[in-house]
There are 2 protein chains.
Amino acid sequence: MTKTLQQITLVGEAVSHPVRLKLLYLLSEKERYVYELSKDLDLSRQVIQLHLKRLENAGFVESDLRLEDDDNRAKKFFRLKSFDVKLEIEDLAKIFK
Amino acid sequence: MTKTLQQITLVGEAVSHPVRLKLLYLLSEKERYVYELSKDLDLSRQVIQLHLKRLENAGFVESDLRLEDDDNRAKKFFRLKSFDVKLEIEDLAKIFK
DNA sequence: GATAGCAGTAATGAATATATTACACGCATA
DNA sequence: TATGCGTGTAATATATTCATTACTGCTATC
C-alpha cells in the first residue's frame with residue numbers, strides 16, 4: 001500500500017506521545033468511552049478527547065456516540081480500527097524520487 | 001527486540017515532519033553534509049541541524065566532522081544508520097501490561 | 001581583499017501542542 | 001434536591017517546535 005507524506009506524518013505524530021500510546025493499548029483490549037478513560041488516566045476529559053482526535057486523524061481509532069439500554073446518558077465510545085505501523089525507505093523513495 | 005516507551009515516541013516524533021522524512025530519503029542515497037542539505041532544501045543550516053539532531057536521537061542517522069584530502073574546510077557528514085520502523089500492539093502490551 | 005563555503009552558538013518570534021479551568025446541559029441516583 | 005456521570009464548547013496558560021537572523025571563526029577562491 002502506498003503511503004502519502006501526510007499519512008506518514010500523521011501516524012508518526014500519533015505515536016509520538018506516551019498518553020496516546022497508552023490509549024492505543026487500552027483500546028486494543030476493548031472499547032471505552034471518554035469519561036472512563038479520563039478517570040483511568042487521571043487526565044482531564046478535554047485532553048483525552050484531543051489525544052483521541054489525533055489517533056482518529058491517523059486512522060487508528062473510530063468512535064460513536066451511543067446510548068445503552070439501561071442508561072440514557074450518551075457515551076462516546078472509541079475503539080481500535082487498525083494498527084499497522086510500518087515504514088521503509090522504499091515508501092519514502094516513492095514519495096520523493 | 002523490546003522497545004521502550006521513549007524509543008517509540010522518539011521514532012514517532014522523528015517521522016512526524018516532512019522535512020525529516022526528506023532528509024531520511026536523501027541520506028539513504030548517500031551521506032551528505034549540513035551545508036549541502038540546507039542549500040538543497042532551501043532552509044537555514046540551523047533548522048537542518050535541528051532536524052538532523054532529532055533523527056540522530058531516534059537512532060536513524062549518525063554523523064562525523066571530517067576533513068577531505070583536498071579541502072581543509074571541515075564538513076559535518078550525516079549518513080543513515082538503520083531504518084526499521086515497525087510497531088505492533090504487542091510492543092505496547094509489553095510496556096503497559 | 002572580497003566573496004563564498006563550512007562550521008559553531010545565541011537570540012528571537014510565530015505557530016502548535018499540551019494541559020487546565022469554567023461553563024452549559026441532561027440523565028441517574030441517594 | 002444535591003451529587004455524580006457524561007457530553008459539548010470556550011478561554012487560558014505554559015512549553016515546545018520550527019524557522020529565522022545575527023554573530024564568530026576558519027578555509028578556499030576569484
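Chain identifiers are assigned alphabetically (A, B, ...) following the order of the sequence lines, protein sequences preceding nucleic acid strands; residue numbering begins at 1 within each chain.
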Please test A/V11 against A/F60 for side-chain contact (heavy atoms from CB on, under 4.5 Å), starting from the C-alpha separation and ending with a verdict. CA-CA 8 Å; A/V11 166; A/F60 286 142; 3.8 Å; yes
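One interatomic measurement links the two molecules: CD1 of A/I48 to P of D/dG8, which rounds to 14 Å at whole-angstrom precision. In this entry the distance linking CG of A/N72 with P of D/dC5 reads 18 Å, nearest Å. Per the geometry, CZ belonging to A/R73 stands 17 Å off P belonging to D/dT3, to the nearest Å.
When each of D/dT27, D/dT9, D/dC18 is scored by its nearest atom to the side-chain atoms of B/R20, the top-ranked nucleotide is D/dC18.
Mapping A/L43 and A/D70 onto DNA chain C via the closest heavy atom, the residue that lands nearer the 5' end is A/L43. In this structure, A/D71 and A/R54 both approach DNA chain C, and ranking their closest nucleotides by distance from the 5' end singles out A/R54.
Between B/H17 and the phosphate of C/dT16, there is no side-chain N or O to OP1/OP2 separation shorter than 4.0 Å. Side-chain nitrogen and oxygen atoms of A/S44 include none within less than 4.0 Å of the OP1 or OP2 phosphate oxygen of C/dA19. Under 4.0 angstrom from either OP1 or OP2 of D/dG6 there lies at least one side-chain N or O belonging to A/K75.
Among the atoms of the strands shown, none is found under 4.0 Å from any heavy atom of A/R66.
You'll find a donor-acceptor pair under 3.5 Å spanning the side chain of A/R45 and the base of D/dG8, going by distance alone. Residue side chain A/Q46 does not reach the base of C/dT20 through any donor-acceptor N/O pair under 3.5 Å, judged by distance alone.
Using cut-offs of 30° and 60° for the angle between ring planes, the B/Y25 and A/F96 rings count as parallel.
A salt bridge is defined here as a Lys NZ or Arg NE, NH1 or NH2 lying under 4.0 Å from an Asp or Glu carboxylate O, and A/E88 with A/K86 meets this definition.
Listed by residue number, there are no residues of residues 32-41 of chain A with a heavy-atom contact under 4.0 Å to DNA chain C.
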